[in-house]
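Encoded as structure tokens, the structure appears first; notes follow it.
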Amino acid sequence: MLLTYYGDLGWWPGHSYEIMIGAILVQNTAWSNVERSLENFAEDLTPQLVEKLTIEELITRIYPSGFYHAKAACIKNLTVWYKQYGYSVQTVQTQPLSKIRDELLAIRGIGAETADAILLYVFYFPTFVIDAYIKRFAERLPVPAARDYKTLQAYFSDNLEQDAILFGKYHILILEHGKKHCKKKPRCEGCPFMNECDFPKRQKSS
DNA sequence: CGCCAGGGCCATA
DNA sequence: TATGGCCATGGC
């Protein structure tokens with residue numbers, strides 16, 4: 001199985017606020033470009049700093065990630081939202097998952113995937129993130145015919161223990177695995193887990 | 001040169 | 001609801 005093959009690949013890198021920003025910057029963008037952007041903050045990527053920066057200054061920093069007009073505005077709005085909770089992870093965690101998810105989705109530039117990534121990797125809500133690698137991975141699994149976001153998310157979520165740490169580590173595993181073996185072209189060439197349904201733990205049906 | 005990368009928005013039918 | 005154009009950079 002993936003876990004024994006790769007070992008524990010950990011979590012999304014960075015502290016909580018960096019993770020939010022990274023989740024926005026990585027939209028349809030290579031992670032290497034995101035790293036270039038993050039380096040422009042030199043150990044000082046805090047909501048207090050972003051609060052002070054103008055949109056133009058923010059664009060200058062995130063420039064290498066592309067789509068900078070939309071992403072800069074999105075980061076600003078996300079930061080305004082986060083201020084309501086005192087920039088506190090713990091405070092957000094006291095709120096219902098669905099409420100936070102709706103609030104994130106209401107921010108322009110944050111769709112289902114980015115919202116779920118923030119919910120999981122920043123606030124540790126048990127939300128399964130569906131990204132391009134998960135979709136590609138799912139093409140080989142006996143998932144329902146419908147491959148839309150909600151259906152895929154329900155499929156993975158329903159077949160795993162409802163545990164945020166597990167969701168996160170499993171997602172990272174598939175992601176890193178995909179980067180290694182399952183590039184778009186040629187699709188999944190050399191993948192050692194072809195046609196293998198590889199859930200580390202199944203939820204008991206009730 | 002073109003394709004691709006851990007999307008999302010909007011217009012159109 | 002489901003496509004398609006658009007946004008933009010850097011690696012290859």
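Order of the sequence lines sets the chain letters (A, B, ...), proteins ahead of strands, with each chain counted from 1.
- Between A:Arg36 and A:Thr29, the one whose closest nucleotide on DNA chain C sits nearer the 5' end is A:Thr29.
- Comparing A:Ile172 and A:Gly109 by the nucleotide of DNA chain B whose heavy atom lies nearest to each, the residue mapping closer to the 5' end is A:Ile172.
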Show me the donor-acceptor pairs within less than 3.5 Å that the side chains of residues 64-73 of chain A make with the rest of the protein, sequence neighbours left out.
residue, atom, partner, partner atom, Å
A:Ser65, OG, A:Ser37, OG, 2.6
A:Lys71, NZ, A:Leu25, O, 2.7
A:Lys71, NZ, A:Gln27, O, 3.3
A:Lys71, NZ, A:Thr29, OG1, 3.0
A:Lys71, NZ, A:Ser65, O, 3.2

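- The interatomic distance linking A:Asn33 (CG) with C:dC12 (P) rounds to 11 Å, in whole Å.
- Across all strands shown, C:dG10 forms a Watson-Crick or G-U wobble pair with B:dC4, both key distances being under 3.5 Å.
- Across the interface with DNA chain C, nearest-nucleotide mapping of A:Ser32 and A:Ala70 shows A:Ala70 to be the residue nearer the 5′ end.
- Separating the CG atom of A:Asn40 from the C1' atom of C:dT9 is a distance of 13 Å, rounded to the nearest angstrom.
- The heavy-atom pair separating A:Phe156 from A:Ile174 by the smallest distance is CE2-CD1, 4.4 Å.
- Checked by atom type, the side-chain pair A:Tyr85/A:Glu103 shows a donor-acceptor distance below 3.5 Å.
- One atom, CZ of A:Phe67, and another, C1' of B:dA5, lie 9 Å apart when rounded to the nearest Å.
- Summarising the geometry, the separation between CG on A:Asp148 and P on B:dG7 is reported as 17 Å, rounded to the nearest angstrom.
- Across all strands shown, A:Thr114 has heavy atoms under 4.0 Å from sugar-phosphate atoms exclusively, and none from any base.
- On the P atoms, C:dA2 is 23 Å away from B:dA5, given to the nearest whole Å.
- Across all strands shown, A:Ile110 has heavy atoms under 4.0 Å from sugar-phosphate atoms exclusively, and none from any base.
- A:Glu176 has no carboxylate O lying under 4.0 Å from a charged side-chain N of A:Lys180, or vice versa, which leaves the two without a salt bridge.
- Taking atom NZ of A:Lys135 as the reference point, atom C1' of B:dG8 lies 11 Å away to the nearest angstrom.
- Residue contacts for A:Ala112: at a heavy-atom cut-off of 4.0 Å it reaches the sugar-phosphate backbone alone, with no base atom in range.
- Annotation: B:dG8 and C:dG10 have their P atoms spaced 22 Å apart (nearest Å).
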